[in-house]
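Scroll down for the structure; my scribbles are underneath it.
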Amino acid sequence: MDKNYKTTGSVVGVISNLVTVKVDGPVSQNEICYVKLGDTDLMAEVIKIIGDIAYIQVFESTRGLKVGATVEFMQHMLEVTLGPGILSKNYDGLQNDLDKMDATFLKIGEYTNPLEDDKLWEFSPTATLGDKVTAGDWLGSVKENWIDHKIMVPFSFDKEYIVKEVVPAGKYTIKDTIAKLADADGHTINVTMTQKWAVKKPIKVYKDKPMPAKVLETGVRTIDTLNPITEGGTGFIPGPFGCGKTVLQHAIAKQAEADIIIITACGERANEVVEIFTEFPELIDPRTGRKLNDRTTIICNTSNMPVAAREASVYTGMTIAEYYRSMGLRVLLLADSTSRWAQALREMSNRLEELPGQDAFPVDLSAIISSFYARAGFVHLNNGKTGSVTFIGTVSPAGGNLKEPVTESTKKAARCFYALSQDRADGKRYPAVEPIESYSKYLDYEQVQNYLANKVSPDWVNEIMKTKNIILRGKEAKEQINILGDDGVPIEYHLRFWKSELIDFVILQQDAFDNIDANTPMERQKYMLELILSICDAKFNFDSFEEINPYFKRIINAMKQMNYSEFNSENFNKYLNDVNQTLQERRVE
Amino acid sequence: MTTQAFQRIYTKITKITKATCTLKATGVGYDEMAVIDGKRAQVVKIDGDDVTLQVFAGTEGIPTNAEVVFLGKPPVLKVGPELAGRFFNAYGTPIDDGPEVSGEEREIGGPSVNPVKRMQPSKLIPTGIAGIDLNNTIVTGQKIPFFADPDQPYNQIMATVALRAEADKIILGGMGLTHDDYLYYKNTFDNAGALNRIISFINTTENAPVERLLIPDMALTAAEYFAHDCNEKVLVLLTDMTLYADALCIVSNRMDQIPSKDSMPGSLYSDLAKIYEKAVQFHEGGSITIIAVTTLSGGDITHAIPDNTGYITEGQLFLRKDTDISKVIVDPFRSLSRLKQLVIGKQTREDHPQVMNTAVRLFADAANAKTKLENGFDLSDYDERTIAFAHDYSEKLLAIDVNIDITTMLNTAWELFSKYFSKAEVGIKQSLVEKYWHNN
Ligand SMILES: Nc1ncnc2c1ncn2[C@@H]1O[C@H](COP(=O)(O)OP(=O)(O)OP(=O)(O)O)[C@@H](O)[C@H]1O
Ligand SMILES: [Mg+2]
């Protein structure tokens with residue numbers, strides 16, 4: 001077949017953004033095509049083929065589309081452009097650079113370049129003549145913001161090559177040839193700083209994917225202390241509306257100990273993305289002292305943007321994350337909300353009149369979610385370096401009921417579960433992560449236990465378990481008190497309850513909007529937890545249950561003030577002193 | 001979209017259902033409007049030369065030889081300064097005996113604002129109602145609904161808020177309004193001397209329910225004209241969005257779509273989001289703020305309509321009757337304004353965030369104490385004090401008929417804290433307590 005011959009077709013039917021096209025040649029599943037509507041080209045993707053009829057989902061409004069409109073098929077799947085310049089960008093779900101659009105309102109059929117073709121980058125080569133290389137191997141690097149952006153052998157190069165030429169250090173554009181590689185047959189291939197990759201195909205240019213072992217610090221106590229996530233780990237945050245999924249994700253995006261943050265706003269509010277646009281260029285990463293924006297890329301397909309591109313947005317995010325992982329970086333990918341993506345799949349599956357599964361979602365929903373989560377992970381690269389994609393998605397269950405297909409499917413795929421509870425949110429106990437139901441399966445990993453023993457303290461995992469136990473016993477005590485009445489239970493029950501409240505108020509609750517409290521480094525988390533456990537271990541002298549409530553409130557109050565103060569500052573120590581004095585009043589040795 | 005040089009007329013309808021008619025026609029565009037037997041209709045499906053039209057007023061009485069005229073364009077509204085003070089139906093036709101509006105014709109339901117061209121909302125809208133200003137402060141460019149049972153006075157509250165909000169234009173989108181409520185709005189705005197700032201798009205219970213699907217887009221197209229083209233501060237009132245969603249449900253069921261939760265179409269989230277996301281703050285100063293009403297059935301917010309709404313809007317204002325004081329309040333527990341943190345403690349006094357949270361927490365303690373009481377347990381001294389606090393808090397702050405400024409709200413809250421509690425029980429940052437505690 002003539003490689004240059006492109007299949008074309010003409011529209012025969014339209015229902016919303018599902019369009020049927022009669023084609024004059026071969027087409028492939030998921031192939032990208034453009035539908036002509038007057039002077040504009042509407043981008044679309046093939047989602048089903050029957051005979052010479054292709055069913056395509058259009059990524060734009062189809063208003064005004066008529067039978068007979070011409071369609072041109074592009075011979076590739078939905079792909080992103082990879083290369084230096086991705087960081088700090090604001091993309092839509094199809095990787096159009098939103099800042100390159102002039103009009104206030106999005107224009108149908110306007111597609112913009114994700115990178116800058118004529119920008120000069122300071123390239124330093126690392127490969128030398130005669131090196132044997134395969135896909136993903138590093139040939140050199142450029143400084144993207146402050147990050148070492150590796151220029152790699154394109155991922156689609158599926159053989160072994162010999163480096164024939166590398167340009168000397170200097171300024172080049174992404175379109176300039178920076179290296180020439182020869183394959184075994186002696187064919188020479190030019191390599192530039194940019195390449196394209198189909199978003200639905202995982203990038204697998206690594207040697208292996210071991211079990212994750214290192215904890216990824218987020219500065220959020222209820223995560224780091226109670227249910228830590230790992231570099232290359234997966235987690236999800238389900239919760240009813242308004243319980244704090246987005247606030248929690250934004251906190252993680254600001255504070256997490258990662259080199260690169262990719263935020264995918266998938267079918268959520270535009271104002272929440274604007275918040276990031278506004279804040280991130282101003283905020284400083286506490287670990288590096290650099291602007292947060294320097295390490296962040298935002299992909300937004302907000303809820304009023306075309307529904308079909310929602311699905312694309314999470315894959316675009318994942319592909320970019322995998323790209324940076326291949327450079328030996330720690331990437332954190334956040335998606336809010338994966339339920340919107342599932343709903344987009346549902347809308348299309350219904351239009352295709354496919355047999356519906358539970359709640360009218362497509363029957364293969366679970367498989368789709370699992371294979372997406374499987375793309376995250378910690379990897380050993382071919383050159384011995386490591387990289388990771390940590391993925392945390394939110395889930396928005398209908399009616400707040402966790403027994404629904406998206407939550408249940410995600411639970412099978414993700415290793416950390418941070419369930420937000422309506423009760424906690426109603427009581428303004430933020431972050432509303434339910435401490436008893438939530439879990440991190442990584443705590444069971446021997447590698448992670450060893451890591452924590454070395455990094456935090458030898459006894460840390462036991463202390464976590466002990467903390468969880470106190471919370472559970474506090475809850476049980478509370479239930480008994482509610483059934484039997486304040487004086488119908490032994491004093492000990494009140495004490496148990498208030499110890500769990502102490503943990504709740506001082507460790508679990510954290511003010512995401514307070515400069516100091518928002519971000520707690522691990523050292524400080526350890527200090528506070530150990531202080532609290534020492535209080536929980538202590539014996540107290542109370543004559544009646546009525547003395548317990550005001551006494552613990554005083555301790556809680558002083559410790560909350562500690563949380564609001566700079567660690568080890570004068571104020572911090574003053575409140576610590578208050579705590580110790582209060583303890584002395586009733587502690588029995 | 002190009003308009004046709006001549007209009008094509010068809011007279012052969014091949015299929016008629018309750019809501020749709022299908023006919024053979026060519027050269028028809030998706031979403032295009034048509035008139036069939038004098039009724040407005042819109043293209044919802046094209047399959048070869050079979051074109052299916054959704055007839056807004058229903059298909060009753062349409063014969064197979066009815067005359068069908070395609071208008072060559074989607075639904076449009078003529079926008080211009082003349083819109084001010086006028087009343088229209090769902091098709092944008094005047095219903096106030098005034099002249100046709102002249103102006104630029106715009107497609108309704110157009111594309112959304114590029115997110116990078118939006119500005120972060122930051123201007124507080126004072127309403128004088130503490131359940132809003134103190135606990136759930138709203139800002140220009142926000143979208144927020146009242147969640148209310150059908151018997152609550154939400155239309156009165158919306159009208160009050162609208163008039164106090166100091167907007168340049170108020171756009172009322174009435175869906176399934178009773179004629180009395182329609183007149184209520186008209187009279188209230190008239191009495192306040194505000195009619196020339198109001199533009200209304202009205203579908204009453206006397207009109208066909210499916211027609212109301214056009215109301216939000218009509219209202220928001222007018223809003224975009226004033227906010228974007230004229231840089232004005234526009235407030236859009238949408239009442240009642242539950243009736244809007246019911247109309248979506250009627251259409252999707254009649255078109256045999258697979259229903260999802262509560263027989264609502266699977267696209268409910270996207271359908272509602274497209275409307276609410278029109279709320280915006282522009283850099284040039286114009287803004288669209290949307291205040292809507294979602295009526296609940298039996299207070300159930302897990303029903304698909306309020307549930308999807310909650311996932312889209314920036315909070316919700318939950319109306320309920322407080323039995324303590326027998327007045328309607330904005331419930332501090334289930335209500336939320338997600339944009340409040342952009343302004344509280346910044347454009348309002350520094351103690352605002354902590355005072356608000358503490359008062360709500362103490363109110364929650366009172367609710368627990370009441371449950372204890374109902375279950376026949378003795379109350380502790382603390383319990384008694386929280387109950388007394390809750391009563392005062394409802395009466396002096398939460399009651400919907402209280403109209404005071406935010407600083408007075410904060411002072412009142414401190415007064416109540418100091419009256420009923422110790423400093424430790426209140427647990428507010430020391431520096432603030434030192435400054436604002438009564439009789440320090
Ligand atoms: N850690 C926190 N500290 C203080 N307030 C919080 C915290 N988390 C959430 N909130 C409050 O809850 C509100 C809602 O949070 P958020 O927007 O994150 O909810 P959500 O779960 O993402 O809801 P939706 O599903 O509708 O998007 C916030 O606007 C804020 O007022
Ligand atoms: Mg959210």
Side-chain angles (χ1 to χ4, degrees), chain A residues 12-15 38 61-67 90 98-99 101 103-108 240-242 267 269-271 273-275 277-278 300 302-305 307 340 343 346-347 350 356 359-360 396 398-401 426-428 485-487 513 546 549-550 553-554 556-557 560-561 564, chain B residues 1-2 26-32 45-49 74 110-121 141 228 257-261 266-267 269-270 273-274 277 282 302 304 307 310-312 314-315 333-334 336 338-339 341 353 357 360-361 364 377-378 380 382 424-425 427 429-430:
Chain A
V12 293
V14 187
I15 311 176
S61 156
T62 53
R63 182 176 270 184
L65 191 59
K66 295 178 184 176
V67 164
N90 304 315
L98 290 168
D99 291 289
M101 302 177 180
T104 304
F105 291 88
L106 294 170
K107 240 173 74 197
I108 289 175
F241 64 79
R269 302 171 185 83
N271 277 342
V273 190
V274 176
E275 193 177 318
F277 295 157
T278 317
C300 66
T302 57
S303 56
N304 54 342
M305 286 160 83
V307 177
R340 306 297 164 224
Q343 285 177 342
R346 172 167 74 183
E347 282 182 33
N350 293 358
D359 290 357
S396 317
N401 178 4
D426 286 348
K428 310 276 175 216
D486 281 334
D487 42 14
F513 304 113
E546 278 171 322
N549 169 328
K553 280 208 172 134
R554 277 167 57 206
I556 289 171
N557 187 34
K560 269 179 73 174
Q561 309 292 344
Y564 283 124
Chain B
M1 161 145 318
T2 49
T26 53
V28 173
Y30 192 74
D31 261 2
E32 182 172 336
K45 180 177 175 181
I46 305 176
D47 184 6
D49 56 4
S112 45
V113 174
N114 182 344
V116 302
K117 304 286 181 189
R118 285 170 174 262
M119 200 178 115
Q120 190 168 36
H228 178 255
Q257 285 168 8
I258 306 159
S260 65
K261 197 166 170 276
S267 59
Y269 176 84
S270 306
K274 240 183 250 145
E277 278 293 326
F282 292 110
T302 64
D307 186 49
Y311 275 119
I312 293 162
E314 284 146 348
F333 299 143
R334 308 310 295 272
L336 177 71
R338 299 165 187 237
L339 302 186
Q341 49 258 22
N357 281 328
V360 175
R361 181 168 53 77
F377 296 124
D378 293 342
S380 67
Y382 178 77
E425 281 168 335
K429 234 188 210 171
Q430 192 102 34

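Just so it is clear, the values below take in all heavy atoms, side chains as well, and ignore hydrogens, waters and symmetry mates. Numbered from 1 within each chain, the chains take letters A, B, ... in sequence-line order.
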Let's test your reading of the structure: which of [options] forms the most heavy-atom pairs below 4.5 Å with chain B?
options	answer
A:G427, A:P356, A:S303, A:G267	A:S303
A:V274, A:I556, A:L106	A:L106
A:M101, A:M305, A:R554	A:M101
A:D99, A:V307, A:V273, A:D359	A:D99
A:P240, A:P550, A:G38	A:P240

Hey, mind stepping through B:S270 and A:Q343 against side-chain hydrogen bond (donor to acceptor under 3.5 Å, both in side chains) and telling me if it holds?
CA-CA 9 Å; B:S270 306; A:Q343 285 177 342; 5.7 Å; no

Using 0.5 Å steps for rounding, measure from the [atom1] atom of [X] to the [atom2] atom of [Y].
X	Y	atom1	atom2	answer
B:I46	A:I15	CD1	CD1	10.0 Å
A:R269	B:R338	CZ	CZ	4.0 Å
B:D307	A:S396	CG	OG	9.5 Å
B:F333	A:D426	CZ	CG	8.0 Å
B:I258	A:E347	CD1	CD	12.0 Å
A:T104	B:K117	OG1	NZ	6.5 Å

Name the region of [X], side chain, backbone, both or neither, that has any atom closer than 4.5 Å to a heavy atom of chain A.
X	result
B:Y311	both
B:K261	side chain
B:Q341	side chain
B:V360	side chain
B:P259	backbone
B:I312	backbone

Part of [X] within contact of chain B (heavy atom distance under 4.5 Å):
X	answer
A:N557	side chain
A:E275	both
A:D487	side chain

[Y] and [X], any side-chain heavy atoms less than 4.5 Å apart:
X	Y	value
B:H228	A:F105	yes
A:F277	B:V116	yes
B:P111	A:K107	no
A:N90	B:P115	no

Sort out for me which of B:T302, B:N357, B:V113 touches chain A most, counting heavy-atom pairs under 4.5 Å.
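That would be B:V113.
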
Return the option, out of B:A424, B:S380, B:G310, with the maximum number of heavy-atom pairs under 4.5 Å with chain A.
B:G310

Is the terminal nitrogen or CZ of B:K429 (NZ for Lys, CZ for Arg) located under 6.0 angstrom from the six-membered ring centre of A:Y564 and within 45° of that ring's axis?
yes

Just checking, is any N or O donor in the side chain of A:T302 or B:E277 under 3.5 Å from an acceptor N or O on the other one?
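No pair is found: no donor N or O on one side chain lies under 3.5 Å from an acceptor on the other.
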
Assess, by modelled atom type and distance only, whether the side chains of B:E314 and A:N271 contain a donor and an acceptor separated by less than 3.5 Å.
yes

